[in-house]
*Asks:* 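Please find one structure pasted underneath; my questions will follow.
Letters A, B, ... mirror the listed sequences (proteins, then strands); counts begin at 1. Remember, it's a predicted structure, so these values are computed and weren't measured experimentally.
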There are 4 protein chains.
Amino acid sequence: MPNSRRPDETRRSERSRQAILTATRELISEVGYGKVSIEAIAARAGVGKQTIYRWWPSRGAVIFDSFLELSLDAGGEGMALPDTGDLEADLKLVMRATAAEFADPEFERPVRALNAEIVNDPGLAAQYREKLARPVDEAKKARLRSAQRAGQLAADADLDLVLEVLYAPLFQRWLHRSGPLTAEYADALVDAALRAFRP
Amino acid sequence: MPNSRRPDETRRSERSRQAILTATRELISEVGYGKVSIEAIAARAGVGKQTIYRWWPSRGAVIFDSFLELSLDAGGEGMALPDTGDLEADLKLVMRATAAEFADPEFERPVRALNAEIVNDPGLAAQYREKLARPVDEAKKARLRSAQRAGQLAADADLDLVLEVLYAPLFQRWLHRSGPLTAEYADALVDAALRAFRP
Amino acid sequence: MPNSRRPDETRRSERSRQAILTATRELISEVGYGKVSIEAIAARAGVGKQTIYRWWPSRGAVIFDSFLELSLDAGGEGMALPDTGDLEADLKLVMRATAAEFADPEFERPVRALNAEIVNDPGLAAQYREKLARPVDEAKKARLRSAQRAGQLAADADLDLVLEVLYAPLFQRWLHRSGPLTAEYADALVDAALRAFRP
Amino acid sequence: MPNSRRPDETRRSERSRQAILTATRELISEVGYGKVSIEAIAARAGVGKQTIYRWWPSRGAVIFDSFLELSLDAGGEGMALPDTGDLEADLKLVMRATAAEFADPEFERPVRALNAEIVNDPGLAAQYREKLARPVDEAKKARLRSAQRAGQLAADADLDLVLEVLYAPLFQRWLHRSGPLTAEYADALVDAALRAFRP
DNA sequence: CCTTAAACGAGACGGTACGTCCTGTCTTCGT
DNA sequence: ACGAAGACAGGACGTACCGTCTCGTTTAAGG
């Protein structure tokens with residue numbers, strides 16, 4: 001008997017849902033992650049607390065969905081990386097952009113909020129991988145496959161591993177604030193990865 | 001007027017300090033990071049709340065110190081990696097051990113607790129880098145320098161970068177639970193890093 | 001604009017009405033007056049909340065009607081007190097029965113519930129007097145009038161006052177739990193009242 | 001093991017206690033009994049909710065104590081009824097005053113609030129009898145004993161019963177709003193009681 | 001007989017209050 | 001004098017109900 005007594009999705013108020021997700025995003029930006037309470041979200045959204053508890057199991061889930069909403073608006077389906085035929089140039093472009101994004105304070109607060117929730121919530125982490133990380137990773141892997149066909153990358157390279165070698169150092173530096181996220185650093189990561197996985 | 005009314009370190013009760021740090025470690029292991037409150041620590045340690053607030057500025061700081069205590073007991077100063085002369089073999093040994101450690105549930109909970117605190121607290125992150133990460137990283141870099149002298153690693157390689165390429169993918173996989181931390185995976189990371197930074 | 005949008009009595013579902021009143025009585029007996037909520041009544045009766053709000057203005061009104069229902073079943077119209085010709089004996093019989101009834105726990109909970117509602121709701125109090133108290137009082141007064149004709153009671157006695165002197169002490173003792181409701185006590189009240197109002 | 005973990009009376013803040021009881025009295029007068037919530041009391045008193053829950057087990061208990069406070073201020077110890085030697089005159093004076101008091105709207109709301117709480121809470125009812133009713137009743141009984149010595153009241157009369165016959169009808173009329181509380185009514189009750197219990 | 005409008009069950013909604021837990025500060029008391 | 005014990009104001013938690021408001025679904029009257 002799965003889902004006994006789950007609320008009826010069809011009766012859900014889209015207006016409330018949007019108000020909640022918007023209020024959540026605003027609050028994270030304004031007061032910072034630590035002070036985003038369910039009570040504050042409900043008050044700002046003009047919504048009863050129960051309406052939040054009815055549809056989300058935890059504060060983390062609300063925060064997550066407030067992100068998902070944005071990324072669906074932004075990325076959508078047709079996400080693709082540049083493909084000029086020059087893998088190194090294309091990757092450096094993308095990695096420099098990623099480094100710049102991480103350095104943007106506007107971007108920083110919500111992403112740290114999301115990561116803080118993910119660290120201790122396996123379910124949320126799974127959702128993160130499926131709904132947010134995978135689509136982006138697939139776009140990146142598509143570019144890498146193109147490079148394999150062009151002979152710029154080892155044909156037998158494990159693309160997940162390639163992505164990790166490229167991005168994980170950047171992510172870790174950002175998360176632990178263990179060093180500056182410069183363009184030079186982005187380039188150095190691309191160089192290292194290409195040396196490791198050239199044909 | 002600097003430090004007006006700062007507690008007098010010399011009068012600090014070592015007994016209370018130990019009881020607090022031990023209680024913190026126990027609580028993280030038993031009830032999980034989210035439920036570790038100052039009140040619970042004080043109760044478990046048989047200590048007044050004020051004694052905690054007097055010596056630590058935040059919950060994160062207590063958690064951090066409870067770690068530091070452990071690592072000082074364990075690592076101490078004379079931390080060193082194996083050096084058989086075979087860099088690849090030595091690194092694979094260490095990386096496999098690291099992967100195994102990350103997979104150990106006993107180890108997992110406290111480390112996740114620590115990371116959750118670090119993500120949103122720059123001061124704590126700095127302490128983490130200085131007191132916990134650096135000693136370990138220095139030991140690793142000592143081994144890499146030995147490899148450079150032996151001609152097994154590019155002499156001009158940025159050792160911080162080498163460490164990141166080696167460890168960040170593992171760390172990210174663990175943090176986001178995005179894949180299994182097997183011995184094969186550890187080996188693959190070592191192989192990739194050595195390809196990227198061979199002489 | 002009288003009665004705009006008043007529900008149509010003729011279409012009222014008798015089945016729902018009965019289910020609601022029965023559920024109310026059951027809940028008062030089972031969980032006690034304080035925990036009888038509209039929501040609980042609706043759930044127990046298998047009825048929508050709106051069906052309750054459509055026909056009753058307040059929780060007190062539902063509780064009141066659940067009583068009224070019972071008393072109509074029981075008393076009906078032809079309620080009469082024994083009349084053997086001996087007023088003292090007849091009154092002691094009735095008063096002892098009343099005292100016993102008040103002492104019955106089965107009887108107690110619902111009557112306390114009703115009184116709690118009445119204390120702070122004048123409208124409900126009026127209904128109580130009209131629908132529940134008056135019929136009973138009229139029957140009692142009929143017996144007293146018979147006694148006046150038989151010369152056992154002062155012809156000019158205010159019968160409402162006589163009833164109050166008889167019953168109010170019993171009621172107050174029960175309400176405030178200020179003493180035992182024994183047969184002796186019932187007799188003493190009858191003796192006092194008869195002394196006060198003998199011809 | 002009685003009283004395990006009961007709060008320490010000696011550390012209690014008298015300031016908070018007074019603020020709570022005062023706020024409670026004000027709220028009952030202003031918004032009426034039904035809308036006096038713990039939350040409203042705490043807000044008005046400038047007190048945390050926990051400080052209320054720490055010292056009182058229920059809303060009723062707070063309301064009760066807010067009364068007790070008043071009556072201690074007012075009545076104190078030296079409460080006594082007039083004793084001119086003329087029992088009938090003295091009683092009529094007191095009964096008329098009581099009837100007038102009951103008719104005063106200022107007096108009415110809080111007393112109804114108290115009675116509503118008492119009806120369904122035996123513990124509170126016991127406190128009411130001990131702390132509020134008994135001192136008053138003792139003063140009344142002292143006057144009646146004086147009358148017995150003066151030969152104005154049967155020497156063997158049960159004084160509790162006399163008090164009930166005198167006061168319960170008044171109380172019941174007021175509680176159920178079943179009739180006007182006039183001076184004539186007060187006199188009639190005194191007359192009836194004196195007839196019932198004259199020597 | 002078939003329409004049609006109501007009453008119905010269900011339950012989501014914006015809210016209020018609940019009673020609990022914890023925060024960070026302040027006070028008391030015993031050692 | 002120090003430190004355990006814990007009361008305090010405050011604030012958020014997650015739950016229970018409030019009374020209102022749709023939703024489809026009976027259901028019974030009247031055209």
*Asks:* Write down the distance between OH (A/Y53) and P (E/dG11), rounded to a whole number of angstrom.
*Replies:* 22 Å
*Asks:* Can you see which heavy atom on D/I52 is nearest to which on D/I20, and at what distance?
*Replies:* CG1-CD1, 3.8 Å
*Asks:* Quick check: are there more than 12 heavy atoms from other residues, nucleotides or ligands sitting under 6.0 Å from CD of D/E106?
*Replies:* no
*Asks:* Mapping B/I38 and D/E39 onto DNA chain E by nearest heavy atom, which one lands closer to the 5' end?
*Replies:* D/E39
*Asks:* Taking C-beta and beyond as the side chain, do B/L124 and B/Q127 meet within less than 4.5 Å on heavy atoms?
*Replies:* yes
*Asks:* Tell whether A/K49 reaches the base of E/dG14 with its side chain through a donor-acceptor pair below 3.5 angstrom.
*Replies:* no
*Asks:* Ignoring hydrogens and angles, are the base of E/dT27 and the side chain of D/R11 linked by a donor-acceptor pair under 3.5 Å?
*Replies:* no
*Asks:* For D/R54, answer base if it contacts any base atom (sugar-phosphate contacts may also be present), sugar-phosphate if it contacts only those atoms, and nothing otherwise; contact means non-hydrogen atoms under 4.0 Å.
*Replies:* base
*Asks:* Whole-Å distance between E/dC13 P and A/E9 CD?
*Replies:* 10 Å
*Asks:* Here's a test of your reading of the structure: between C/Q50 and C/K35, which maps to the more 5' nucleotide of DNA chain F?
*Replies:* C/K35
*Asks:* May I have the distance from D/Y33 (atom OH) to E/dA17 (atom P), rounded to whole angstrom?
*Replies:* 15 Å
*Asks:* Within less than 4.0 Å of OP1 or OP2 of E/dG14, is there a side-chain N or O belonging to A/T51?
*Replies:* yes
*Asks:* Can you check the C/E14 CD to F/dT27 C1' distance for me, whole Å?
*Replies:* 16 Å
*Asks:* Between C/A45 and B/A40, just flag the one whose closest nucleotide in DNA chain E comes earlier from the 5' side.
*Replies:* C/A45
*Asks:* Validate the cation-pi geometry between B/R177 and A/Y128: distance from NZ or CZ to the six-membered ring centre under 6.0 Å, angle to the ring axis within 45°.
*Replies:* no
*Asks:* Without decimals, in angstroms, what is the distance between C/I52 CD1 and F/dG19 P?
*Replies:* 11 Å
*Asks:* Starting at atom CZ of B/R15, determine the distance to atom C1' of F/dA4, rounded to an integer number of angstrom.
*Replies:* 12 Å
*Asks:* Nearest to the side chain of C/W55, which nucleotide is it out of F/dC8, E/dC8, F/dC17?
*Replies:* E/dC8
*Asks:* Taking CH2 from D/W56 and P from E/dC18, how many angstroms apart are they, rounded to a whole number?
*Replies:* 15 Å
*Asks:* Whether C/R12 engages the ring of C/W56 as a cation-pi pair (distance to the six-membered ring centre under 6.0 angstrom, angle to the ring normal within 45°) should be assessed.
*Replies:* yes
*Asks:* Looking at every strand, decide which applies to A/S16 at a 4.0 Å heavy-atom threshold: base, sugar-phosphate, or nothing.
*Replies:* sugar-phosphate
*Asks:* Rounded to whole Å, how long is the line connecting atom CD1 of A/I41 with atom P of E/dG14?
*Replies:* 14 Å
